[in-house]
Visitor: 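Below you will find the structure I want to go over with you.
Whatever order the structure lists them in is the order used to number ligands and atoms, beginning at 1. Here the structure is a predicted model, which is why all the values come from computation and not from measurement.
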Amino acid sequence: MSDSPALPVFILDDEEIPFTPGQTIIQAARAAGKYIPHLCWHPDFAAHGSCKLCTVKVDGRMGAACTVEARAGQVVENRGPELDDKRRTLLQMLFVEGNHFCPSCEKSGDCVLQATAYELGMMSPHFDHFYPDRPVDASHPDVLLDFNRCIMCELCTRASRDVDGKNVFALSGRGTASHLIVNSESGRLADTDFSVHDRAASICPVGVILKKRVGFATPIGQRRFDVRPISAQVEEDI
Ligand code: SF4
Ligand code: FES
């Protein structure tokens, strides 16, 4: 018998999940190898709570698994037809708000938005497209920015500010006019101290922040999410 007291548990889709007090539902689920769909949450950063893809039912009430703390005895519903249907709607909204033309995007097969849509069985964008027309920023020698694919998860802003200590990115505007900007007087990436080695250069879950000269290098069939669905990569940094 172990001397250490057993961890408290909650129930996630009929399974007992142990947790350390203070952990959120998504943190405890991840540690137990259980996938809760998410876009704006990343294990290395504080929760953001904006995408709502991680919405679960906690004792019958909707809550964001990335912000709700685990509690002993909670009954949490995660993967069911009702919740996955709502998640598909959120995904469809994200797809039409940007220009997600996956067949021509070098992030295809390596994109968290696309992989989540496959996981949840999204077949079409369903809503009318917005077709944003934001200029691409190719000014930086090593990195290209295509703002038309941004899902405003703010992982790049958090990585740049909190890890790189640079504050290169920010969100600007309100409502549907919100969009990502570069913090320099000219608004160009080349006029910041951004480096391809920054954490922010490799954090984007979609195809906005792209390293130059390395695209389309992985054959179709061998790309990250070709090999295993996103729900089978729970313990990796997604
Ligand atoms: S550029 Fe990428 S990481 Fe930054 S907010 Fe947009 S989607 Fe998120
Ligand atoms: S992952 Fe929880 S709100 Fe985005």
Side-chain angles (χ1 to χ4, degrees), residues 23-30 34-58 62-70 76 78-79 83-84 86-87 89-91 93-95 97-100 102 105-108 110-117 119-120 132 134-137 140 143-164 166-173 178-183 187 189 192 194 196 198-211 230-231 234 237-238:
Q23 272 185 325
T24 57
I25 290 172
I26 204 169
Q27 286 173 323
R30 177 177 187 262
K34 301 290 170 204
Y35 173 68
I36 296 179
H38 59 274
L39 289 174
C40 69
W41 181 75
H42 186 289
D44 293 350
F45 296 93
H48 193 246
S50 62
C51 77
K52 302 299 177 218
L53 254 287
C54 71
T55 299
V56 289
K57 267 194 187 170
V58 185
M62 298 287 190
C66 69
T67 56
V68 176
E69 273 191 25
V76 181
N78 172 31
R79 299 302 302 276
L83 285 165
D84 279 359
K86 290 189 190 309
R87 289 171 174 143
T89 303
L90 290 171
L91 286 166
M93 287 158 61
L94 287 171
F95 268 85
E97 280 170 19
N99 294 336
H100 298 282
C102 305
C105 177
E106 64 189 72
K107 208 69 188 285
S108 186
D110 190 23
C111 169
V112 177
L113 179 69
Q114 183 194 51
T116 307
E119 173 70 34
L120 294 167
R134 304 180 190 122
V136 165
D137 181 345
H140 193 279
V143 174
L144 172 87
L145 300 177
D146 185 341
F147 297 101
N148 298 302
R149 299 172 181 152
C150 182
I151 58 170
M152 291 186 284
C153 64
E154 290 200 87
L155 278 168
C156 59
T157 62
R158 287 179 274 166
S160 184
R161 183 190 60 218
D162 303 341
V163 181
D164 306 327
K166 292 187 178 176
N167 230 355
V168 168
F169 300 103
L171 281 191
S172 176
S178 301
H179 61 285
L180 188 74
I181 57 164
V182 170
N183 271 329
L189 192 62
T192 68
F194 187 75
V196 70
D198 288 353
R199 185 79 168 97
S202 53
I203 195 74
C204 182
V206 293
V208 180
I209 305 174
L210 296 168
K211 292 177 187 164
I230 194 166
S231 56
V234 180
D237 287 349
I238 294 174

Visitor: Return yes when Pro205 approaches ligand 1 closer than 4.0 angstrom through a heavy atom, no otherwise.
Guide: yes
Visitor: Can you say whether the rings of His38 and Trp41 are parallel (under 30°), tilted (30 to 60°) or perpendicular (over 60°)?
Guide: perpendicular
Visitor: Show me which atoms of ligand 1 lie under 4.0 Å from any heavy atom of Val208.
Guide: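 So the answer, numbered in order with elements, is 1 (S).
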Visitor: Sub-3.5 Å donor-acceptor pair from the side chain of Asp137 to the main-chain atoms of Leu189, do we have one?
Guide: yes
Visitor: Atoms of ligand 2 less than 4.0 Å from Trp41 heavy atoms?
Guide: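 So the answer, numbered in order with elements, is 1 (S).
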Visitor: Suppose we only count N/O/S atoms under 2.8 Å; would Cys156 qualify as near atom 2 (Fe) of ligand 1?
Guide: no
Visitor: So, Cys66 and atom 2 (Fe) of ligand 2: N/O/S under 2.8 Å, yes or no?
Guide: yes
Visitor: Specify side chain, backbone, both or neither for Ser50, according to which of its non-hydrogen atoms lie closer than 4.0 Å to ligand 2.
Guide: backbone
Visitor: Val206 heavy atoms, cut-off 4.0 Å: which ligand 1 atoms fall inside?
Guide: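 Listed by number with element, the hits are 7 (S).
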Visitor: For Lys166, does the NZ atom have more than 12 heavy-atom neighbours from other residues, nucleotides or ligands under 6.0 Å away?
Guide: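 Yes - once you tally the heavy atoms of other residues, nucleotides and ligands closer than 6.0 Å, there are more than 12.
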Visitor: Under a 3.5 Å distance rule, please check whether Asn148 uses its side chain to pair with a backbone N or O of Arg134 as donor and acceptor.
Guide: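 Flag set: sc Asn148 to bb Arg134 pair under 3.5 Å.
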Visitor: With atoms numbered from 1 as shown, which atoms in ligand 1 lie under 4.0 angstrom from a non-hydrogen atom of Glu154?
Guide: 5 (S), 8 (Fe)
Visitor: Please state which option from Pro37, Cys54, Cys51 has its nearest heavy atom closest to atom 4 (Fe) of ligand 2.
Guide: Cys51
Visitor: Quick check on atom 8 (Fe) of ligand 1: does Cys153 put an N/O/S atom closer than 2.8 Å to it?
Guide: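 Here the distance criterion (N, O or S atom, under 2.8 Å) is met by Cys153, so yes.
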